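Notes to accompany the following structure.
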Protein chains: 2
Amino acid sequence: MNETKPKRRDFTSLWDRPGFLIRRLHQIHVALFLEECSEFNITPLQFAVLTVLYDRETLDQVTIANQIGADRNTVADVIRRLERRGLLERPASVVDKRAKLARITDEGHAFVEAVQPKMIDAQRQLTVPLDREEYEVLMKLMRKLILENYDASRAPMRPGVLQADG
Amino acid sequence: MNETKPKRRDFTSLWDRPGFLIRRLHQIHVALFLEECSEFNITPLQFAVLTVLYDRETLDQVTIANQIGADRNTVADVIRRLERRGLLERPASVVDKRAKLARITDEGHAFVEAVQPKMIDAQRQLTVPLDREEYEVLMKLMRKLILENYDASRAPMRPGVLQADG
DNA sequence: TGTTAATAGGTAGTATACTACGTAATTTAT
DNA sequence: ATAAATTACGTAGTATACTACCTATTAACA
């Protein structure tokens, strides 16, 4: 084979910058998700919130933010929109007067079930180019980077959550 | 070894959804970049725009957007901010009265050189957990997904650009 | 007990990343 | 040469993802 350059990590071209590729992948995923779910008018983050509330638990905003690895304020916005659509309720906590809880409604529950197959289509379409082994390798490496850069983002997921879901 | 489940692609847990992992990775990358470059008050996308203008070419907004794989309107915002800081100039095109071009200033040129090492630190920190082979595999798989989902996002990069930089 | 810490939530502001729509200029087709 | 389609740019609006700062409530400790 022709031995090309040793190829150390140089980052000169945009296509040699992991951050650049990750940004593009993120754009593409969001675009695919929105396209597949266009009939439901739902976003990836909104669906993630509904996913953690699907089993009818009643959680506060911070817990939800930690479980989906999102910013506290962003989650507050998302919850506001989902409540406006009647997919969530927001009961006040009786034990902690600061906390404003969130719980899925029956409508929200049915909504998740309706959207689920489309969400899966979006995930599948993004990754169809990969065979089984490539897929597993990619997922493994991405999980590794997320766990090792655990405290980089302002919305780090808690160890408990990692163990529960990972 | 203990043979766990066959592990088909099921997407039930958030950590089994590629889109979810990509969103988290994107968050982490942005956080690392902003942290490393905090003294310069610059974002990944702003730096990407400066990168394509670094060799003193004078380009229009659409061309810039295509080269960095970003939305046209987003690029317009970014350019506006960079111009406000004196890092870019915006000469009008003489051949096409619709086009408003962008060109890097001397200040912008020096700025890129000052920020470059910090950008590289951010890229490196994101990927330190990976050894050389893992790094190359990850980059290869991400590039593959981007190229194969070429027309998914509204800001697809043109084949010419792909050949030039890929 | 009383002071301090930490926590839950809110508001306001910025940047990215879109959609939808409109205008002016250019290119293509008839 | 004129009409139609395309292109470049702009504005306005929405959603995500932050920072910074604020209040109220709870927990910790001296």
Side-chain angles (χ1 to χ4, degrees), chain A residues 19-20 22-35 37-38 41-49 59-66 68-82 84-85 90 92-102 152-156 158, chain B residues 19-20 22-35 37-38 41-49 59-66 68-85 90 92-102 152-156:
Chain A
F20 177 79
I22 289 165
R23 180 177 65 77
R24 282 294 293 147
L25 267 186
H26 181 240
Q27 282 178 306
I28 290 169
H29 161 65
V30 172
L32 288 174
F33 187 100
L34 294 180
E35 190 187 340
C37 304
S38 58
N41 189 33
I42 186 91
T43 67
L45 198 65
Q46 289 174 9
F47 194 75
V49 168
L59 305 174
D60 65 300
Q61 297 185 37
V62 173
T63 302
I64 294 170
N66 286 334
I68 67 178
D71 185 81
R72 183 176 65 79
N73 299 289
T74 302
V75 169
D77 283 341
V78 171
I79 288 177
R80 218 168 284 132
R81 287 178 209 116
L82 293 174
R84 210 186 302 143
R85 289 176 65 176
R90 309 212 56 197
S93 171
V94 285
V95 292
D96 188 339
K97 289 173 189 166
R98 296 167 304 179
K100 216 171 161 185
L101 304 173
S153 168
R154 219 210 183 190
R158 297 230 190 85
Chain B
F20 177 78
I22 288 166
R23 181 177 65 76
R24 282 293 293 145
L25 266 187
H26 182 241
Q27 284 177 305
I28 290 169
H29 162 65
V30 172
L32 288 174
F33 187 100
L34 294 180
E35 189 186 341
C37 303
S38 57
N41 190 32
I42 187 93
T43 67
L45 199 66
Q46 288 174 11
F47 193 75
V49 169
L59 305 174
D60 66 301
Q61 297 183 27
V62 173
T63 302
I64 294 171
N66 286 334
I68 66 179
D71 185 82
R72 181 178 67 79
N73 299 289
T74 303
V75 169
D77 283 341
V78 171
I79 287 178
R80 218 169 282 132
R81 287 178 209 116
L82 293 175
E83 185 197 18
R84 212 187 300 144
R85 289 176 65 176
R90 309 210 57 197
S93 171
V94 285
V95 291
D96 188 338
K97 287 173 190 167
R98 296 169 303 179
K100 216 171 161 186
L101 305 173
S153 168
R154 219 212 183 191

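By convention in this document, chain letters (A, B, ...) are assigned in the order of the sequence lines, proteins followed by strands, and residues within each chain are numbered from 1. Keep in mind that what you see is a predicted model, and the values were worked out from it rather than measured.
Base pairing of C:dA5: no nucleotide in any strand meets the Watson-Crick or G-U wobble criterion (both distances under 3.5 Å). In this structure, D:dC21 and C:dG10 make a Watson-Crick or G-U wobble pair, each of the two defining distances being under 3.5 angstrom.
Note: CD1 (B:I68) to C1' (C:dA17) measures 11 Å, nearest angstrom. Here the C1' atom of nucleotide D:dA8 and the CD1 atom of B:I79 are 12 Å apart, to the nearest Å. Computed from coordinates, the A:E35 CD to C:dA17 C1' distance equals 16 Å when rounded to whole Å. In this structure, the NZ atom of A:K100 is 17 Å from the C1' atom of C:dT7, given to the nearest Å. Rounded to whole Å, the distance from CG on A:D71 to P on C:dG10 is 13 Å. Remark: C1' of C:dA8 and CG of A:N66 are 12 Å apart, rounded to the nearest angstrom. Here the P atom of nucleotide C:dC18 and the CG atom of A:L34 are 9 Å apart, to the nearest Å.
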Between the protein and nucleotides 25-28 of chain D, which nitrogen or oxygen pairs come in under 3.5 angstrom?
{"unit_1": "D:dT25", "atom_1": "O2", "unit_2": "A:R98", "atom_2": "NH1", "d": "3.0"}
{"unit_1": "D:dT26", "atom_1": "OP1", "unit_2": "A:K97", "atom_2": "N", "d": "2.9"}

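Remark: B:N41 CG to B:L34 CG distance equals 9.0 Å, nearest 0.5 Å. Note that the CD1 atom of B:I64 and the CD1 atom of B:I79 stand 4.0 Å from one another [nearest 0.5 Å]. Here the CG atom belonging to A:L32 is positioned 10.0 Å from the CG atom belonging to A:L25, to the nearest 0.5 angstrom. Atom CG of A:L82 is separated from atom CZ of A:R80 by 11.5 Å, given to the nearest 0.5 angstrom.
Between B:F33 and B:I42 the shortest heavy-atom distance is CE2-O, 3.7 Å.
For A:R90, there are no side chain to side chain donor-acceptor pair (under 3.5 Å) partners two or more places apart in sequence or in a different chain.
Using a 4.5 Å heavy-atom cutoff, the side chains of A:V75 and A:R72 are not in contact. Contact check for B:R23 versus A:L45: side-chain heavy atoms found under the 4.5 Å cut-off. Taking 4.5 Å as the limit, every side-chain heavy atom of A:H29 sits out of range of all side-chain heavy atoms of B:H26.
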Nucleotide-resolved protein contact map, nucleotides 11-16 of chain C, B/S/- at heavy-atom distance under 4.0 Å: B---SB
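Residue B:Q61 places no side-chain N or O under 4.0 Å from the OP1 or OP2 atom of D:dT7.
Annotated as anti: D:dA8, whose O4'-C1'-N torsion sits more than 90° from 0.
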